2 protein chains.
Amino acid sequence: MIRVLLADDQHLVRQAMAALLSFEADIEVVGEAARGDEVLAAVAECSPDVVLLDIEMPGRDGLTVAEDLHAAGLAVKVVILTTFGRPGYLHRALASGASGFVVKDARAEELADAIRRVHAGQRVVDRALAASSRTRGASPFTARERDVLRVATDGGTIADIARELFLSEGTVRNYLSSAMGKVGARTRAEAVRVAENNGWL
Amino acid sequence: MIRVLLADDQHLVRQAMAALLSFEADIEVVGEAARGDEVLAAVAECSPDVVLLDIEMPGRDGLTVAEDLHAAGLAVKVVILTTFGRPGYLHRALASGASGFVVKDARAEELADAIRRVHAGQRVVDRALAASSRTRGASPFTARERDVLRVATDGGTIADIARELFLSEGTVRNYLSSAMGKVGARTRAEAVRVAENNGWL
DNA sequence: CGGTGAATCTGACAGATGTCATGGGCCGCC
DNA sequence: GGCGGCCCATGACATCTGTCAGATTCACCG
């Protein structure tokens with residue numbers, strides 16, 4: 001029996017996934033977490049074999065939680081289960097020690113199968129997404145460029161961004177301009193959109 | 001037995017919801033749709049009592065589909081099931097004839113209960129969200145301001161927006177400036193964010 | 001030890017954005 | 001019939017954005 005922990009911020013989605021997996025004779029959902037920062041404690045308490053992690057969760061995002069699990073050296077396999085199959089997400093997922101990556105557009109059998117194969121020590125990733133991750137999974141930005149772009153998603157002015165990151169306005173303009181150039185964007189809003197769509201933020 | 005049709009673009013989420021609802025003795029999932037523009041045909045084919053509609057679907061968004069169902073005069077109840085409880089979404093949902101509005105953060109029992117009560121002719125809406133919808137559900141924008149803001153979400157320049165909407169650049173600046181003023185935004189990106197967060201786009 | 005890249009900054013300048021006034025046409029409502 | 005609001009446009013102007021050059025410091029690598 002494969003013991004599974006579900007981490008997703010949406011209650012209904014968690015319960016629905018638990019219901020779906022309950023049909024599998026060899027899979028048992030032993031716990032749930034609604035927030036990223038609840039996962040480690042839940043893993044310690046429930047001793048799952050596999051953890052299903054959404055990415056966007058309050059408290060701590062799923063990719064960072066995967067890093068935490070990996071760093072803690074726990075004998076638990078991680079499957080990222082997310083809405084968007086973004087190459088940057090997959091790239092970070094694999095780098096953080098995740099063994100599987102499934103999008104919520106998959107079929108139920110694909111999820112169950114992913115859980116089994118990951119439990120058996122295999123890696124489960126959609127082939128097309130893996131290819132995409134290899135070509136454009138890695139973020140082209142420096143750490144500071146990413147910081148500046150992330151704050152720019154709020155839609156504030158150069159002065160707002162500078163204030164938030166304790167930088168001068170000129171420096172912020174330089175970073176934004178550089179980031180825009182790296183993705184061929186003509187405005188920072190366009191750069192933000194490209195970065196988000198690729199999972200680089 | 002209450003017959004239910006599920007419309008959500010994510011396969012796994014649909015199957016999981018179907019699994020969850022299968023535990024209810026008085027509810028039967030009789031059909032599914034993955035795209036907004038598949039729902040009317042699916043309703044004609046499966047004759048559901050209740051339709052569960054996600055909002056963001058390819059082909060046609062759920063709120064517009066709710067309008068279509070209402071306009072077609074079909075004896076079917078609509079429950080909107082969505083990720084974000086945005087007052088603008090609720091406002092539009094109620095205006096389009098939906099009888100229920102449930103967010104994916106609800107509990108499973110709340111969904112099943114909503115389906116039963118909607119089927120019994122009641123309206124099911126979270127009270128706090130209903131209050132929020134009354135105060136800021138209605139979009140403050142004119143139709144053209146909304147058009148301009150929506151195109152602005154792509155992050156293009158004034159010239160891009162003007163070209164796409166067949167307007168002059170000056171007109172676009174006027175509409176953007178007016179829309180920004182209505183929500184107290186200092187940049188168009190901020191206005192877009194406020195509009196999206198309130199469900200006005 | 002030297003070269004390279006990143007982080008950070010300043011300054012100048014061109015182009016884009018946003019504000020504001022003004023005006024015409026159309027439509028709905030009183 | 002008049003008024004108000006929306007759609008659309010132009011023009012002037014202030015401010016902001018983005019580009020680019022040049023500079024310093026620090027860490028890392030060959």
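Order of the sequence lines fixes the chain letters, A, B, ..., with proteins taken first and strands second; residue numbering starts at 1 for each chain. Note that the coordinates shown come from a computational prediction; the quantities given were computed from them, not determined experimentally.
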Fill in: side-chain contact (heavy atoms from CB on, under 4.5 Å) between B:Y175 and B:D147, intermediate numbers included
CA-CA 9 Å; B:Y175 284 142; B:D147 289 342; over 6 Å; no

Practice prompt. Take A:V78 and A:V65 through the side-chain contact (heavy atoms from CB on, under 4.5 Å) test and state the conclusion after the steps.
Written response: CA-CA 10 Å; A:V78 170; A:V65 173; over 6 Å; no

Item to complete: Assess whether side-chain contact (heavy atoms from CB on, under 4.5 Å) is satisfied between A:I161 and A:R188, documenting all intermediate values.
Response: CA-CA 12 Å; A:I161 300 171; A:R188 85 180 73 144; 4.3 Å; yes

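Contact of the A:I55 side chain with the A:Y89 side chain is registered, since non-hydrogen atoms from C-beta on lie closer than 4.5 Å. Contact check for A:K77 versus A:V51: no side-chain heavy atoms found under the 4.5 Å cut-off. Within the 4.5 Å cutoff, the side chain of A:L69 has heavy atoms near those of the A:L40 side chain.
Out of C:dT8, C:dG18, C:dA7, the shortest distance to the side chain of B:M180 is found at C:dG18. When distances run from any side-chain atom of A:T142 to the nucleotides C:dA7, D:dC8, C:dG18, the shortest one goes to C:dA7. With D:dA9, C:dG18, D:dC7 as the candidates, the nucleotide lying closest to the side chain of B:R144 is D:dC7.
Heavy atoms from other residues, nucleotides or ligands lying under 6.0 Å from NE2 of B:H70 number 12 at most.
The distance from atom CZ of B:F141 to atom C1' of D:dG5 is 17 Å, rounded to the nearest whole Å. Counting to the nearest Å, the P atom of D:dC6 and the CG atom of B:L167 are 16 Å from each other. Rounding to whole angstrom units, CD1 of residue A:I161 and C1' of D:dT17 are separated by 11 Å. Distance CG (A:L165) to P (C:dT8): 9 Å, rounded to an integer number of Å. Between A:L176 atom CG and D:dT19 atom P the separation is 9 Å, expressed in whole Å. In this structure, the CD atom of A:E145 is 11 Å from the C1' atom of C:dG5, given to the nearest Å.
Note on B:A159: nothing from the nucleic acid sits closer than 4.0 angstrom, heavy atoms only.
The side chain to side chain contact (heavy atoms under 4.5 Å, CB included) test with B:V172 singles out one residue from B:L165, B:V151, B:V148, B:T157, and that residue is B:V148. For the pairing with A:H119, the side chain to side chain contact (heavy atoms under 4.5 Å, CB included) check across A:I27, A:V50, A:V4 returns one residue only, A:V50.
Contacts with DNA chain D (heavy atom under 4.0 Å) in residues 184-201 of chain B: none are found. A heavy atom lying under 4.0 Å from DNA chain D marks the following residues of residues 151-158 of chain A, by number: A:T157, A:I158.
Inspection of the A:E145 and A:S178 side chains reveals an N or O donor paired with an N or O acceptor under 3.5 Å. No side-chain donor from either of A:N174 and A:T171 sits under 3.5 Å from a side-chain acceptor of the other.
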What's touching nucleotides 10-14 of chain D from the protein side, N or O pairs under 3.5 Å?
from   : atom 1 : to     : atom 2 : distance (Å)
D:dT10 : OP2    : B:S168 : OG     : 3.4
D:dT10 : O4     : B:N174 : ND2    : 2.9

